[in-house]
Number of protein chains: 2
Amino acid sequence: MSATTPTAPTKLELLELLAAIGTAQWRDFAAAAAHYGLTSTQARVLAQLNGPLPMRGLATLLVCDASNVTGIVDRLEARELVRREADPSDRRVKNVVATDAGREIIRRVREEMQATHGALDTLDETESATLYALLERLRPTMEKDA
Amino acid sequence: MSATTPTAPTKLELLELLAAIGTAQWRDFAAAAAHYGLTSTQARVLAQLNGPLPMRGLATLLVCDASNVTGIVDRLEARELVRREADPSDRRVKNVVATDAGREIIRRVREEMQATHGALDTLDETESATLYALLERLRPTMEKDA
DNA sequence: GCAGATGTTTGATGTCATCAAGTAACTCCA
DNA sequence: TGGAGTTACTTGATGACATCAAACATCTGC
């Protein structure tokens with residue numbers, strides 16, 4: 001803590017800075033996705049698909065209406081980035097699974113977020129660890145809904 | 001640096017955490033905006049309007065097509081949150097200005113981002129300052145376009 | 001086995017995003 | 001001066017998201 005003697009920021013300043021970082025990262029993500037002909041929403045869905053996930057679960061994760069997910073998955077399925085599979089234990093649910101192509105494309109999108117990667121590379125190990133610890137402190141409160 | 005002895009996070013972990021914080025904040029903002037019948041885009045426009053701003057400048061800030069801004073400002077103007085004024089020095093440009101109601105509503109939106117406020121309140125002054133300094137280091141690189 | 005809850009889709013509607021094209025106004029230089 | 005080229009804004013077409021309401025099949029519990 002000797003190298004930097006930061007002046008205390010007002011809460012508003014911190015809030016605005018956080019917003020700026022957030023939008024910058026979002027733009028980086030959207031741009032990388034667009035590179036592969038994906039909308040940011042489609043990329044977001046792919047990013048969630050580590051394992052099979054019911055439509056409803058997807059809607060919950062995206063915090064949107066289930067009917068919305070239908071269309072998004074339709075378009076992803078048309079490009080064979082995703083598949084709908086019947087759930088063996090409940091015939092109502094359809095599990096969405098990423099295809100190999102889908103996994104590959106989202107991997108590349110993450111890789112190509114150059115602005116974000118570049119920014120994180122400017123931090124040394126200690127700084128990264130500090131930032132990580134601070135953000136992790138914020139996370140639980142931030143993710144509580146109103 | 002004694003209270004916390006953070007284990008070094010991988011870059012991927014840090015990236016994901018940053019993304020999580022970003023989307024949490026975005027949701028908080030969108031929810032607060034919805035409270036006042038604003039879409040997140042409309043709220044974003046209001047947030048930019050500190051002074052008069054030409055349509056084109058707004059489009060640049062939002063990183064979107066100018067034709068898009070026409071519709072957004074139309075809807076804001078219909079609700080009298082915003083006004084189009086002729087520019088005295090260039091009759092092509094229309095400057096967008098927030099009305100009193102517009103300024104008031106965006107002020108309240110910011111106030112009501114409870115998740116974000118709550119999260120930031122968990123940091124003491126030193127931590128805030130550290131976070132601020134780190135994020136400010138990231139900012140310039142993050143905002144560089146690809 | 002029936003009533004109610006749940007998962008998914010369809011259809012209507014509104015907002016946001018793009019692109020292409022059109023009009024008005026500005027700039028600059030020959 | 002006066003036209004060529006640029007710039008600001010709008011309009012219209014189209015597509016992706018987002019919501020809600022309603023339909024349908026299936027599950028659950030009593």
Side-chain angles (χ1 to χ4, degrees), chain A residues 23 26-27 29-49 52-79 81-97 109, chain B residues 23 26-27 29-49 52-79 81-97 109:
Chain A
T23 68
W26 178 254
R27 275 214 260 280
F29 180 68
H35 250 260
Y36 293 96
L38 293 176
T39 66
S40 27
T41 308
Q42 290 166 353
R44 224 151 85 74
V45 166
L46 279 180
Q48 304 283 354
L49 288 180
L53 208 59
M55 302 290 287
R56 191 77 244 293
L58 216 35
T60 302
L61 285 176
L62 300 179
V63 193
C64 75
D65 195 272
S67 67
N68 193 13
V69 178
T70 299
I72 301 171
V73 170
D74 280 350
R75 287 179 282 269
L76 284 172
E77 200 169 28
R79 294 182 50 185
L81 301 176
V82 126
R83 232 187 352 257
R84 271 180 246 233
E85 293 182 350
D87 186 300
S89 71
D90 186 336
R91 281 181 315 188
R92 289 171 303 177
V93 352
K94 298 179 187 170
N95 287 305
V96 185
V97 190
V109 168
Chain B
T23 68
W26 179 253
R27 273 213 262 280
F29 180 68
H35 246 259
Y36 293 96
L38 293 177
T39 66
S40 29
T41 308
Q42 289 166 353
R44 224 151 84 73
V45 166
L46 279 181
Q48 304 284 352
L49 289 180
L53 207 59
M55 303 289 286
R56 190 79 245 294
L58 215 35
T60 301
L61 285 176
L62 301 178
V63 192
C64 75
D65 196 89
S67 66
N68 194 13
V69 178
T70 298
I72 300 169
V73 170
D74 280 351
R75 287 179 283 271
L76 284 172
E77 200 169 27
R79 293 183 49 186
L81 300 176
V82 128
R83 231 185 355 254
R84 274 179 245 234
E85 293 182 349
D87 187 299
S89 72
D90 187 338
R91 281 180 315 187
R92 290 172 303 177
V93 352
K94 298 179 187 169
N95 288 305
V96 186
V97 190
V109 168

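Per chain, numbering begins at 1; letters A, B, ... match sequence-line order.
Contacts between residues 37-47 of chain B and DNA chain D, defined by a heavy-atom separation under 4.0 Å, are absent.
The side-chain contact (heavy atoms from CB on, under 4.5 Å) search around A/Val63 returns B/Arg27, not counting sequence neighbours. Annotation: side-chain contact (heavy atoms from CB on, under 4.5 Å) contacts of A/Leu53 (sequence neighbours excluded): A/Leu49, A/Leu58, A/Leu61. Residues passing the side-chain hydrogen bond (donor to acceptor under 3.5 Å, both in side chains) test with B/Arg84, sequence neighbours excluded: B/Asp74, B/Glu77.
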Do nucleotides 22-30 of chain D as a string where each nucleotide becomes B, S or -: B if the base has a protein heavy atom under 4.0 Å, S if just the sugar-phosphate does, - if no protein is that close. ---BBS---

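At least one side-chain heavy atom of B/Met55 sits under 4.5 Å from a side-chain heavy atom of B/Val96.
In this structure, CG on B/Asn68 lies 8.0 Å from CG on B/Leu62, to the nearest 0.5 angstrom. For the atom pair CG of A/Asp87 and CG of A/Asn95, the computed distance is 4.5 Å after rounding to the nearest 0.5 Å.
At whole-Å resolution of the value, CE in B/Met55 and P in C/dA24 are 18 Å apart. Following rounding to the nearest Å, B/Leu76 (CG) and C/dC16 (C1') show an atom-to-atom distance of 13 Å. Between the CG atom of B/Asn95 and the P atom of D/dT7 there is a distance of 18 Å, rounded to whole Å. One atom, CZ of B/Arg27, and another, P of D/dA18, lie 11 Å apart when rounded to the nearest Å. A/Glu85 places its CD atom 13 Å from the P atom of C/dT8, with the value rounded to the nearest Å. Atom C1' of nucleotide D/dC9 and atom CD1 of B/Ile72 are separated by 14 Å, given to the nearest angstrom. In this structure, CD of A/Glu77 is placed 17 Å from C1' of D/dA16, rounded to the nearest angstrom. Residue B/Lys94 contributes atom NZ, which lies 7 Å from atom C1' of D/dT10 at whole-angstrom precision.
For the pair A/Asn68 and D/dC17, the criterion of a side-chain N or O lying under 4.0 Å from OP1 or OP2 is not met. Of the side-chain N and O atoms in A/Arg84, none sit less than 4.0 angstrom from OP1 or OP2 of C/dT8.
Set against D/dA18, C/dT8, C/dA17, the side chain of B/Cys64 has C/dA17 as its closest nucleotide. Candidate nucleotides C/dT8, D/dT19, C/dA17 were compared by shortest atom distance to the side chain of A/Asp65, and D/dT19 ranks first.
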Using atom types as modelled, flag every donor-acceptor pair under 3.5 Å from a side chain in residues 33-46 of chain A to any protein atom, sequence neighbours excluded.
from: A/Tyr36; atom 1: OH; to: A/Glu112; atom 2: OE2; distance (Å): 2.4
from: A/Thr39; atom 1: OG1; to: A/Gln42; atom 2: N; distance (Å): 3.1
from: A/Gln42; atom 1: OE1; to: A/Thr39; atom 2: N; distance (Å): 3.1

